[in-house]
Enquirer: 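Here it is: the structure, laid out below.
Numbers restart at 1 for each chain; the letters A, B, ... are given by sequence-line order, proteins then strands. Nothing here was measured: the structure is a model prediction, and the numbers come from that model.
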Amino acid sequence: MLQRITRTREMPSAKYTPSEVEPKWQNAWAEQKTFKTPNPGDAGFDAAKPKFYILDMFPYPSGAGLHVGHPEGYTATDILARYKRMRGFNVLHPMGWDAYGLPAEQYAVQTGVHPSITTQKNISNIKRQIQSLGFSYDWDREVDTTDPKYYRWTQWIFMQLYKKGLAYLAEVPVWWCEALGTVLANEEVIEGRSERGDHPCVRRPMKQWMLKITAYAERLLADLESLDWPESIKIQQRNWIGKSEGAEVDFEIAGGAAAGTRMTVFTTRPDTLYGATYMVLAPEHPLVAKVTTPEQQAAVKAYVVAASKKSDLARTELAKEKTGVFTGGYAYNPVFDRNDPKAKIPIWIADYVLMGYGTGAIMAVPAHDTRDAEFAVQFKLPIVPVVMPPDAWLKANPPKAMKDTEVRALREAYLKAPHTFSDFFVDDGIAINSPAMEGKPTPEAKKAITAWLAQRGLGKATVNYRLRDWLFSRQRYWGEPFPVIHMADGSHKLIDEKELPLQLPEMADFKPTGTFEPPLSKAKDWLKTTDPATGQPATRETNTMPQWAGSCWYYLRFLDARNDKAAWGKEIEKYWMPVDLYVGGAEHAVLHLLYARFWHKVLYDLGLVSTKEPFHRLFNQGLITAFAYKDKTGRLIPTDEVEEKGDGVFVLKASGESVEQIVTKMSKSLRNVVNPDDVIKSHGADTLRLYEMFMGPLDSSKPWNPRDVPGVHRFLQRAWRVVVEDDESKPEAGQLRANLKAAGDGDAELERALHKAIKKVTQDLDRMAFNTAISALMIFVNEALKDVTKVGKTQAERFVLLLAPFAPHLAEELWQRLGHAKSLAYEAWPPFDEKLTVDATKEIPVQVNGKLRAKIVVPADASEDELKAKAQEAVAGSLEGKAIAKLFVVKGRLVNVVVK
RNA sequence: GCCGGAGUGGCGGAAUUGGCAGACGCAGUGGAUUCAAAAUCCACCGAGGCUCACCCCUCAUGAGGGUUCAAGUCCCUCCUCCGGCACCA
């Protein structure tokens with residue numbers, strides 16, 4: 001009896017059963033450490049092989065677990081990792097956890113459960129989910145940013161930045177969220193409310209740690225050129241860095257208390273200097289108090305106070321109308337003689353000028369700048385044209401009364417009254433009313449006036465960046481503590497490296513302090529320390545680092561994750577870096593990718609890494625969306641309230657009212673969220689992997705259609721059937737098909753189909769076109785199942801290897817059943833013969849005057865003459881009585897006969 | 001407003017350099033198998049027309065124009081959707 005049960009268990013299944021096959025192989029890979037990757041110097045390391053570092057953006061282990069968007073990118077990288085191993089690469093493919101984050105801390109505030117407990121629980125859940133998909137990560141390299149063994153080195157890198165003078169304390173305005181009791185990063189606040197919880201936030205100045213990313217602005221911009229990244233991401237980074245070239249120009253204040261003081265403005269259009277009819281200072285500008293006359297004092301003060309209460313946002317988005325106040329003061333425009341009445345121009349303050357950019361002061365040229373124009377119109381300030389637009393512009397934007405007027409008249413009108421034209425001219429033209437550069441085109445005029453100013457010590461060419469320094473501290477508990485102490489005299493210094501990691505104090509109470517002090521200020525014992533160098537009492541920094549810190553360098557820790565002597569080994573870094581392919585969502589286009597590049601460049605300057613850039617190639621996967629429905633009033637309807645009535649017609653179950661199918665982000669309220677666990681349970685991990693890749697191109701967003709999942713599952717069943725007899729009514733059920741038991745070449749036509757598939761899959765993997773690669777596999781299986789007894793053993797084997805990166809569990813099972821004891825993970829990728837990828841004969845379309853008229857069957861390599869002859873024969877009927885004007889023959893493609 | 005990206009059957013999507021538009025999958029229709037069903041297999045499956053049996057014809061890749069023997073693909077104008085930035089002088 002016992003024996004019988006054992007025998008039954010050992011009997012291989014006849015049917016494709018993912019729930020048996022998948023855990024079996026996941027366990028085998030884990031036990032045998034199939035995907036453990038040796039480093040240079042380790043046993044088993046083969047230096048002769050080329051390297052491939054393929055990285056996923058590591059996830060935040062949220063309590064909600066994985067959604068189907070995560071496995072999309074992870075599956076793509078896993079397929080490529082497996083493929084590259086089979087192509088003979090040393091593949092580095094790690095995974096870890098970006099585990100600091102606000103949710104765990106908020107949960108701690110509500111429940112008192114320590115964030116590390118919540119975090120570990122979430123990590124183990126999400127790790128289970130990731131492992132259930134059969135990804136080939138080297139789990140011996142797993143990292144967790146909240147692990148002291150990891151953040152010790154995050155703190156160490158901060159110390160390097162500090163020592164280089166790239167970290168400093170500054171009083172800056174930050175978002176304070178009363179309800180959450182913390183400061184939030186700009187990106188965590190949307191329209192003045194917290195992203196999480198939707199609580200109101202206010203701007204207030206606080207002392208914060210800043211990192212001097214602006215010192216690297218030029219290199220961060222220039223080195224983008226060398227990267228194989230999506231152009232859209234590069235453009236976003238360029239915009240964010242916002243380089244603009246122009247000039248600084250000094251204006252001297254005329255009269256009053258500040259007479260003679262120089263006021264410097266930044267402009268990208270020094271060529272319009274003769275058109276500057278007023279000046280504007282940001283309300284926070286230090287010269288405001290000095291230039292304001294006693295009569296204007298009250299009005300200016302009121303405006304400055306009002307502006308300080310507005311957030312940056314209110315100053316921009318809500319302010320459709322320009323506001324400002326005249327200070328009563330004047331300045332001399334340096335291009336005019338002091339005695340010239342045009343030289344003296346009024347100084348205003350207005351909040352459309354920002355203190356944080358350039359010098360916080362501008363020269364206003366209303367004729368050639370839309371913002372200045374709006375302001376000038378509002379406050380009736382003079383508008384002087386100094387750039388003559390091209391004729392085409394004048395004709396396209398004439399004053400209302402001057403439509404169809406000739407250009408000469410338009411030019412005269414422009415000189416007299418540019419504001420009467422339908423738009424203000426802000427582009428390049430010819431300098432006018434500008435003696436120092438009269439008649440010069442804008443680019444030359446800029447050079448001329450900049451040189452003119454420099455000669456007289458009145459200005460110089462300057463480059464400005466929009467990029468600001470990085471606000472690097474948060475008033476939170478759950479983050480890396482700064483390795484910094486503050487002395488009684490207000491100075492600060494780094495702690496000793498031997499003290500690392502500086503661990504977070506254990507706390508029972510995570511509630512906000514109720515003041516602006518961070519939660520760590522409550523850990524009194526931890527707070528007080530002494531400076532070992534001087535023996536003086538000192539206090540620890542109570543801010544913690546932002547979540548970005550840990551993710552700025554995790555790709556480096558993966559190289560040498562268990563090293564407790566250094567953050568990573570030098571030789572190891574040299575071997576693996578840079579990351580060859582980095583895959584993740586486009587939401588990190590700017591922040592994470594810019595911060596990581598910044599740190600990497602600092603490490604490069606310190607000689608700690610060997611490459612200038614961390615991520616050579618970047619690929620953004622698209623969003624996975626879902627279907628929902630919309631009724632006539634535009635109301636969104638959850639999926640489960642709708643049924644389909646044939647071809648694209650959907651109606652409400654309750655009323656029968658017809659609704660429209662639309663695509664949305666997955667959301668709980670629309671009940672269209674897909675949980676990967678459910679898909680694995682119903683169809684298996686290989687089906688989930690395959691469906692995610694089959695949906696469409698990796699980089700485009702596409703809707704999840706539950707109805708399509710069984711389609712790819714059926715394909716896997718068919719693939720199984722190529723190898724295994726699955727008819728349970730037959731005595732040989734569950735066995736290898738008879739034609740596969742002995743070596744054999746298989747069918748010659750099928751061999752061609754196989755070579756076609758190998759070629760297509762190989763080429764498609766090289767261009768990351770997974771959907772079409774899978775389609776090629778399907779075509780082969782369809783071909784093979786036309787007569788499954790014709791499949792030869794090596795054909796089956798090569799097909800299984802081809803399938804392996806996509807559906808690794810199924811492939812391993814079939815590989816084993818084909819008689820192999822070892823995993824196929826390191827088997828050589830099957831080669832193809834170009835000659836066998838084309839059929840012996842080909843069907844060629846024949847067109848007459850571009851319209852399809854016939855098809856001819858010719859040998860694949862038929863000559864042009866042969867095609868010509870056959871084609872004319874085929875369309876003889878259509879050619880009757882007509883003269884052939886021309887004959888186009890595209891070899892192997894088509895013939896087009898042009899007749900008159 | 002500015003900068004990107006995209007519009008192809010009922011649905012997801014294919015289509016090397018301009019060369020048969022709709023690969024592959026889903027859904028649908030008809031049939032085989034079955035006591036029946038599931039599963040599986042076979043056939044059909046853009047729209048319209050034709051003496052819808054066979055052949056064949058016309059139209060069709062968001063709209064309109066253009067270049068070309070030939071346009072989903074190249075050029076111009078416009079529309080719609082998605083993403084990013086938003087007074088940066």
Enquirer: If I take atom CZ in residue A:Phe806 and atom C1' in nucleotide B:G25, what distance separates them, rounded to the nearest angstrom?
Expert: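 After rounding, the gap between these two atoms is 15 Å.
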
Enquirer: Could you work out which one of B:A14, B:A23, B:C20 sits closest to the side chain of A:Pro697?
Expert: B:A14

Enquirer: Using atom P of each nucleotide, how far apart are B:G46 and B:G10 to the nearest Å?
Expert: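 B:G46 and B:G10 have their P atoms separated by 10 Å.
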
Enquirer: Among B:G84, B:G4, B:C85, which is the nearest nucleotide to the side chain of A:Ser232?
Expert: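 Taking heavy atoms from C-beta onward, the closest nucleotide is B:G4.
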
Enquirer: Please say which of A:Thr359, A:Val249, A:Ile347 ends up in a side chain to side chain contact (heavy atoms under 4.5 Å, CB included) with A:Met263.
Expert: A:Ile347

Enquirer: Consider the side chain of A:Asp708, meaning its heavy atoms from C-beta on, and name the nucleotide among B:G13, B:U40, B:C26 that approaches it most closely.
Expert: B:C26

Enquirer: Tell me whether the OP1 or OP2 atom of B:C41 has a side-chain N or O from A:Arg721 closer than 4.0 Å.
Expert: yes

Enquirer: Please give, in whole Å, the distance from B:A86 P to A:Ile235 CD1?
Expert: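 Spelled out: CD1 on A:Ile235 to P on B:A86 is 16 Å.
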
Enquirer: Within the pair A:Arg714 and B:A27, is there a side-chain N or O less than 4.0 Å away from OP1 or OP2?
Expert: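 Looking at the OP1 and OP2 atoms of B:A27, one of them is under 4.0 Å from a side-chain N or O of A:Arg714.
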
Enquirer: Any donor-acceptor pair under 3.5 Å linking the side-chain atoms of A:Thr75 with those of A:Tyr691?
Expert: no

Enquirer: Could you give the distance separating B:G7 and B:A15 at their P atoms, to the nearest angstrom?
Expert: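 B:A15 and B:G7 have their P atoms separated by 12 Å.
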
Enquirer: Assess the pair A:Tyr278 and A:Phe375: is the distance between their ring centroids shorter than 6.0 Å?
Expert: yes

Enquirer: Once you round it to whole Å, what is the distance between P of B:G5 and CD1 of A:Ile233?
Expert: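 For the pair A:Ile233 CD1 and B:G5 P, the rounded distance is 12 Å.
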
Enquirer: Just to confirm, is there a sub-4.0 Å distance from OP1 or OP2 of B:C57 to any side-chain nitrogen or oxygen of A:Arg853?
Expert: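 The answer is yes; a side-chain N or O of A:Arg853 sits under 4.0 Å from OP1 or OP2.
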
Enquirer: If I pick the C1' atom on B:C44 and the same atom on B:C52, what distance separates them, to the nearest angstrom?
Expert: 13 Å

Enquirer: Quick check: on RNA chain B, is the nucleotide nearest A:Gln847 upstream (toward 5') of the one nearest A:Phe888, or the reverse? Name the residue that is more 5'.
Expert: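 Its nearest nucleotide lies further toward 5', so the answer is A:Gln847.
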
Enquirer: Round to a whole Å and report the spacing from CG of A:Asp351 to C1' of B:C87.
Expert: 9 Å

Enquirer: Within the 3.5 Å criterion, strictly below it, is a donor on A:Glu374 or A:Tyr352 matched to an acceptor on the partner's side chain?
Expert: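 Their side chains do not contain a donor-acceptor pair, so the 3.5 Å distance test is not met.
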
Enquirer: Counting heavy atoms from C-beta on, name the nucleotide in B:C20, B:C85, B:G84 closest to the side chain of A:Gln236.
Expert: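 Given the options B:C20, B:C85, B:G84, the side chain of A:Gln236 is closest to B:G84.
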
Enquirer: Centroid separation under 6.0 Å, is that true for the rings of A:His713 and A:Tyr16?
Expert: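 Distance test on ring centres: under 6.0 Å, yes.
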
Enquirer: Please give the distance between the C1' atoms of B:G9 and B:A14 as a whole number of Å.
Expert: 13 Å

Enquirer: Between B:C24 and B:U80, how many Å separate the two C1' atoms, rounded to a whole number?
Expert: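 Roughly 29 Å separates the two C1' atoms.
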
Enquirer: With rounding to whole Å, what would you report as the distance between B:G84 and B:A71 at their P atoms?
Expert: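 B:G84 and B:A71 have their P atoms separated by 38 Å.
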
Enquirer: Ring pair (Phe, Tyr, Trp, His ring centres under 6.0 Å) with A:Phe799: which of A:Phe780, A:Phe806, A:Trp720?
Expert: A:Phe780

Enquirer: Please state how far atom CZ in A:Arg269 lies from atom P in B:A89, giving the value in whole angstrom units.
Expert: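 Atom-to-atom, A:Arg269 to B:A89, this comes out as 12 Å.
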
Enquirer: Below 4.0 angstrom from OP1 or OP2 of B:A14, is there any side-chain N or O of A:Asn771?
Expert: yes

Enquirer: Counting side-chain heavy atoms from CB outward, which of B:C20, B:G19, B:A23 is closest to A:Pro845?
Expert: B:C20

Enquirer: Indicate whether OP1 or OP2 belonging to B:C41 is found under 4.0 Å from a side-chain N or O atom of A:Arg718.
Expert: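 The answer is yes; a side-chain N or O of A:Arg718 sits under 4.0 Å from OP1 or OP2.
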
Enquirer: Please measure how far the P atom in B:C76 lies from the corresponding atom in B:A60, and state the result in whole Å.
Expert: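 Here B:C76 and B:A60 have their P atoms 23 Å from each other.
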
Enquirer: More than 12 foreign heavy atoms under 6.0 Å from NZ of A:Lys790: is that the case here?
Expert: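 Counting other residues, nucleotides and ligands, NZ of A:Lys790 stays at 12 neighbours or fewer.
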
Enquirer: Between P on B:U40 and CD on A:Glu725, what's the gap in Å once rounded to a whole number?
Expert: 15 Å

Enquirer: Given atom CG of A:Asp423 and atom P of B:G1, what is their separation to the nearest angstrom?
Expert: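 Interatomic distance, CG of A:Asp423 to P of B:G1: 12 Å.
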
Enquirer: Could you give the distance separating B:C54 and B:G62 at their P atoms, to the nearest angstrom?
Expert: 32 Å

Enquirer: Look through every strand shown and name the nucleotide pairing with B:U61 as Watson-Crick or G-U wobble, where both distances are under 3.5 Å.
Expert: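 Partner of B:U61: none found under 3.5 Å.
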
Enquirer: Between B:C26 atom C1' and A:Leu690 atom CG, what is the distance in whole Å?
Expert: 14 Å

Enquirer: Any strand counts, and the cut-off is 3.5 Å on both contacts for Watson-Crick or G-U wobble. Which nucleotide pairs with B:C69?
Expert: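 Looking at the geometry, B:C69 pairs with B:G19.
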
